[in-house]
Amino acid sequence: MVDTLNLNMIIDQEPNHGLSREQQERLRLACFELLAVMLDDPAPPNCIECDAEITQPATGRPRQFCGDACRQRAAYYAKTAGQ
Ligand SMILES: [Zn+2]
């Protein structure tokens, strides 16, 4: 089964197909989201931006980022990709 570590390796080793760094980042985040759905595990153990450990809240939506900085960085990449 593909896990997040293997996914990172696959994406890093793939030729970039002319994608910008931001587009690759967006692809990586999309893959993580898809993987989370496939594995029925929406809460990754580590931040998908910086790989820092996440303290998950006891209730509410599982966090994918360690903090606002990473969440905003990911949102910035998603927003600017393709421009
Ligand atoms: Zn982070």
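Just so you know, ligand 1 is whichever comes first in the structure, and atom 1 is the first atom listed for that ligand. Here the structure is a predicted model, which means the values were calculated and not measured.
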Separation between CZ of Arg26 and NZ of Lys79, rounded to the nearest 0.5 Å: 12.5 Å
CZ (Arg28) and CD1 (Ile48) are apart, to the nearest 0.5 Å, by 7.0 Å
Quick one, Arg63 and Pro57 - any side-chain contact, counting heavy atoms below 4.5 Å? yes
Heavy-atom check, side chain of Phe65 versus side chain of Ile54, under 4.5 Å: no
Is any protein N, O or S atom closer than 2.8 Å to the Zn ion (ligand 1), and if so, which? Cys47 SG, Cys50 SG, Cys66 SG, Cys70 SG
To the nearest 0.5 Å, what is the distance between CD (Glu22) and CG (Leu27)? 13.0 Å
Taking side chain to side chain contact (heavy atoms under 4.5 Å, CB included) as the definition, give me every residue that meets it alongside Arg73, ordered by chain and number, with sequence neighbours left out. Glu49, Cys50, Cys70, Tyr77
